[in-house]
There are 2 protein chains.
Amino acid sequence: MDINKTTGEILREKREEKGLLLRHVSAKLDIDTAILSKIERSERKASKEQILKLAEILDLNKDDLLIQYLSEKILYEIKDEELGSKALKAAERKIRYIKKNNSKD
Amino acid sequence: MDINKTTGEILREKREEKGLLLRHVSAKLDIDTAILSKIERSERKASKEQILKLAEILDLNKDDLLIQYLSEKILYEIKDEELGSKALKAAERKIRYIKKNNSKD
DNA sequence: AAGCAATTTGACTATATTTGTCAAACGGAT
DNA sequence: ATCCGTTTGACAAATATAGTCAAATTGCTT
């Protein structure tokens with residue numbers, strides 16, 4: 001799973017690889033084909049639940065797909081921000097700090 | 001500005017240091033004191049515009065406060081996620097990749 | 001080129017989330 | 001007991017998100 005593809009691209013490629021139609025997959029997700037089409041073209045974001053279901057349907061590694069999906073969500077938060085990279089680094093420092101101090105649980 | 005304080009804590013400390021009341025600051029922000037109170041206690045998120053105004057009002061470094069604020073937003077996206085740290089790292093890789101390929105502009 | 005299946009688009013609706021107001025309650029100082 | 005700053009929670013308005021549906025478009029295949 002290439003980190004520099006979008007989640008949508010990954011989903012579309014795997015779906016086509018398996019010879020499935022939007023119709024087939026969207027039925028299993030219980031949404032309209034239109035939405036799945038938009039998800040694959042990154043016009044809409046999937047929900048976490050949909051991502052997990054898609055991993056099952058398309059035989060993609062759940063953790064990998066979820067990481068891909070979450071990282072895209074993170075990027076979305078900072079996409080127009082000059083200071084985005086610095087914010088990311090700060091977030092890492094914070095998460096490390098939080099983890100350290102939660103080890104007391 | 002301590003990275004391991006919340007944005008709210010930073011704002012409250014600096015406001016109190018300057019001897020300002022919620023009333024004073026919220027008037028400049030043009031919101032109710034109730035909201036500012038909630039922002040300071042991390043019960044609500046400020047908007048980016050409010051953060052920038054707050055930096056001015058409280059004489060805080062704009063970039064530092066913005067980084068603080070954005071990193072908190074990022075953290076919020078992954079706070080309940082097992083795979084949060086991995087997603088953060090993936091986001092960094094992506095942003096590096098994007099920057100590399102945009103240098104053609 | 002016509003016909004047909006798959007996908008895309010866009011208008012629309014419903015629902016959820018966010019952002020704010022307001023008034024009442026709380027807490028500490030005098 | 002009153003005053004003043006802050007907090008709380010119910011409510012309303014505005015905005016964002018998720019979805020449906022039908023029509024338009026794309027791309028085969030004949």
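In the text below, chain A, chain B and the rest are named by the order of the sequence lines, each starting its count at 1.
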Compare side-chain N and O positions of B/Arg41 against OP1 and OP2 of D/dT7 and report whether any pair is under 4.0 Å apart. yes
Between P on D/dT6 and CG on B/Leu11, what's the gap in Å once rounded to a whole number? 14 Å
Look at all strands and tell whether B/Glu16 reaches a base, only sugar-phosphate, or nothing, counting heavy atoms closer than 4.0 Å. nothing
Between D/dG9, D/dT7, D/dT20, which nucleotide gets closest to the side-chain atoms of B/Thr33? D/dT7
Cationic tip of A/Lys94 above A/Tyr97 ring, under 6.0 Å, 45° of axis: no
Hey, does A/Glu40 reach any base, or is it just sugar-phosphate, or nothing, if we go heavy atoms under 4.0 Å? nothing
So, the side chain of A/Asp32 versus the backbone of A/Ile35: is there a donor-acceptor pair under 3.5 Å, distance only? no
Does CG in B/Asp2 sit with more than 12 non-hydrogen atoms of other residues, nucleotides or ligands closer than 6.0 Å? yes
Between B/Ser26 (side chain) and B/Leu22 (backbone), is there a donor-acceptor pair under 3.5 Å? yes
D/dT25 C1' sits how many Å from A/Leu22 CG, rounded? 14 Å
Quickly work out the B/Ile39 CD1 to D/dT6 P distance and round it to whole Å. 14 Å
In whole angstrom, give the distance that lies between atom CZ of B/Arg44 and atom P of D/dT7. 14 Å
Does a salt bridge link A/Lys18 with A/Asp59, judged by any charged N lying under 4.0 Å from a carboxylate O? yes
Between B/Lys48 and A/Glu81, is a side-chain contact (heavy atoms from CB on, under 4.5 Å) present by the stated rule, with each step listed? CA-CA 11 Å; B/Lys48 187 184 171 185; A/Glu81 297 293 341; 3.1 Å; yes
Using a cut-off of strictly less than 4.0 Å, decide whether A/Gln50 has a side-chain nitrogen or oxygen near OP1 or OP2 of D/dG19. yes
With a 4.0 angstrom cut-off to heavy atoms of chain A, pull out the first and last contacting nucleotide of DNA chain C, in 5'-to-3' order. C/dA6 to C/dG10
Check: B/Lys86/A/Ser71 side-chain N/O donor and acceptor closer than 3.5 Å: no
Interatomic distance where CG belongs to B/Asp32 and C1' belongs to D/dC11 [whole Å]: 13 Å
Please report, rounded to the nearest Å, how far the C1' atom of D/dG5 is from the CZ atom of B/Arg12. 10 Å
Can you tell me the distance, in whole Å, between the NZ atom of A/Lys73 and the P atom of D/dT17? 11 Å
With heavy atoms under 4.0 Å as the rule, sort B/Arg23 into base, sugar-phosphate or nothing. sugar-phosphate
Nearest-nucleotide check on DNA chain D, B/Ala34 vs A/Asp30; residue mapping nearer the 5' end is B/Ala34
Evaluate side-chain hydrogen bond (donor to acceptor under 3.5 Å, both in side chains) for A/Lys45 paired with A/Thr7, printing each intermediate quantity in order. CA-CA 9 Å; A/Lys45 278 186 289 183; A/Thr7 305; over 6 Å; no
For B/Ile35, which contact category applies under a 4.0 Å heavy-atom criterion: base, sugar-phosphate, or nothing? base
For atom CG of B/Leu21 and atom P of D/dG5, their distance in whole Å: 5 Å
OP1 or OP2 of D/dG5 under 4.0 Å from side-chain N/O of B/Arg15: no
Are B/Ser37 and D/dT6 close enough that a side-chain N or O sits under 4.0 Å from OP1 or OP2? no
